[in-house]
Amino acid sequence: MKKGFVDESVKGIENLEDAFLKLKKKKNAVLMAHFYQEDRIQDIADFVGDSLALAQFAAKTDADIIIVAGVHFMGESAKILAPERTVIVPDLNAGCSLADSCPPDAFAEFIKLYPDYKVVTYVNTSAEIKALSDIVVTSTNAKAIIDSFPADEKLIFGPDRNLGNYINSITGREMILWDGACHVHEKFSLEKILEIKEENSDAEILAHPECKKQLLMVADQIGSTAALLKYSATSESQKFIVATESGIIHQMKLKSPNKTFIPAPPNDSTCACNDCEFMRLNTMDKLYNALKYEWPTINVEESIRIKAVKPIERMLDISNKLNL
Ligand code: 13P
Ligand code: SF4
């Protein structure tokens, strides 16, 4: 993959945010940012949200250019839903270990083993995987969408084994699971989290369903980034241990400035939080240059896009009906 721009010319710009916002207006562009982006990017975005909300936003915008401050699959979803728009992801190296854990050829072979099964895939996948799917889900709508299938419908779920296991446990289904995972969410240290909890017995543990089962078992609340954000604002608790990418804490603090948020630590280092290095490839400099040069763009081959858009639109239809 080609990298995004690292252009020395931004050094002469006094206020990069202002320059970016002016250029954005001039080019009729919008910036949508995932909750895992650095604070500075979240603060100037037209829209900040989880994977579902970003897809819904991309499907509705009438801007000429959509800048996606997120990872590659989020840019692909936007392009699939809005093919007539220019979609930019500032650094094409912003991939996703979960999406990478599901190569299309191997997944195609896998689903052939279960010809009478419906294929449900998490949005963290490539366009090719979506093209092989009956329906796409995000962590916000996964349970509701899976509940919408008749109880005896046989389902394959991929690629996240942790989310799949979690959905099986709360729905009583026995979906066949692809064996993929997110390296960021699998890296949280249960031991260190329990130590923090012992010192902060009043804190609630919030966990994303991409975390391992052992961690989910001790969590007080499990949910998508948007669901955890909402919970942190409405819960009576004043303190939270946050077991997902630490970027979400920015919005949590904005909504609840007097509450305390402790990032859950990973098991393999001394650092205090767990960042997704792909999400963090996006910087203000790259954002500015990507918009200036309208590059790098996301393109999806039309034959793949036509197949991939159907399962995404099915997901959006159900989500809209359920007000998700
Ligand atoms: P959300 O849909 O909950 O924002 O999750 C996206 C993601 O990449 C989690 O790692
Ligand atoms: Fe992918 Fe994990 Fe990063 Fe989310 S946190 S984008 S699942 S690598």
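None of these values were measured; they are calculated from a predicted model. Indexing begins at 1, ligand by ligand and atom by atom, following the structure's order. The first residue of the sequence shown is numbered 1, and numbering continues consecutively from there.
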### Heavy-atom gap Glu245 to ligand 1 smaller than 4.0 Å
no
### Query
Judged by non-hydrogen atoms, does Cys182 sit under 4.0 Å from ligand 1?
no
Can you list the atoms of ligand 1 that are under 4.0 Å from a heavy atom of [X]?
X: Glu210; value: 7 (C), 9 (C), 10 (O)
X: Ser139; value: 1 (P), 2 (O), 3 (O)
X: Ser224; value: 3 (O)

Considering only protein heavy atoms, which is closest to [atom], and at what distance to one decimal place?
atom: atom 6 (C) of ligand 1; result: Ser51 OG, 3.3 Å
atom: atom 3 (Fe) of ligand 2; result: Cys276 SG, 2.4 Å
atom: atom 1 (Fe) of ligand 2; result: Cys96 SG, 2.4 Å

Contact summary for [X] and [Y], nearest pair of heavy atoms:
X: Tyr122; Y: Pro159; result: CB-CD, 3.8 Å
X: Lys130; Y: Ile312; result: CD-CD1, 3.8 Å
X: Val89; Y: Gly75; result: CG2-CA, 3.8 Å

### Heavy-atom gap Glu210 to ligand 2 smaller than 4.0 Å
yes
### Task
Please confirm whether His183 comes under 4.0 Å of ligand 2, counting heavy atoms of the residue only.
yes
Would a distance-only check, ignoring hydrogens and angles, find a side-chain to backbone donor-acceptor pair under 3.5 Å from [X] to [Y]?
X: Lys79; Y: Arg85; value: yes
X: Asn200; Y: Ala203; value: no
X: Arg314; Y: Asp134; value: yes
X: Thr61; Y: Ala58; value: no

### Message
Within 2.8 Å of atom 2 (Fe) of ligand 2, is there any N, O or S atom belonging to Cys182?
### Response
yes
Below 4.0 Å, non-hydrogen atoms only: which portion of [X] touches ligand 1? Side chain, backbone, both or neither.
X: Thr138; value: neither
X: His208; value: side chain
X: Asn124; value: side chain
X: Tyr36; value: side chain

### Query
Which class fits the ring pair Phe240 and Tyr231: parallel under 30°, tilted 30 to 60°, perpendicular over 60°?
perpendicular
### Query
Do the ring planes of His208 and His185 sit parallel (below 30°), tilted (30 to 60°) or perpendicular (above 60°)?
tilted
## Note on the structure
Distance col, row Leu206:CG vs Ser235:OG, nearest 0.5 angstrom, shows 8.0 Å
### Message
With heavy-atom distances below 4.0 Å as the criterion, list the atoms of ligand 2 near Ser97.
### Response
8 (S)
### Query
Which of the atoms of ligand 2 are close to Asn124, meaning less than 4.0 Å from one of its heavy atoms?
7 (S)
### Message
How about CD on Glu302, more than 12 heavy atoms from neighbouring residues, nucleotides or ligands closer than 6.0 Å, or not?
### Response
yes
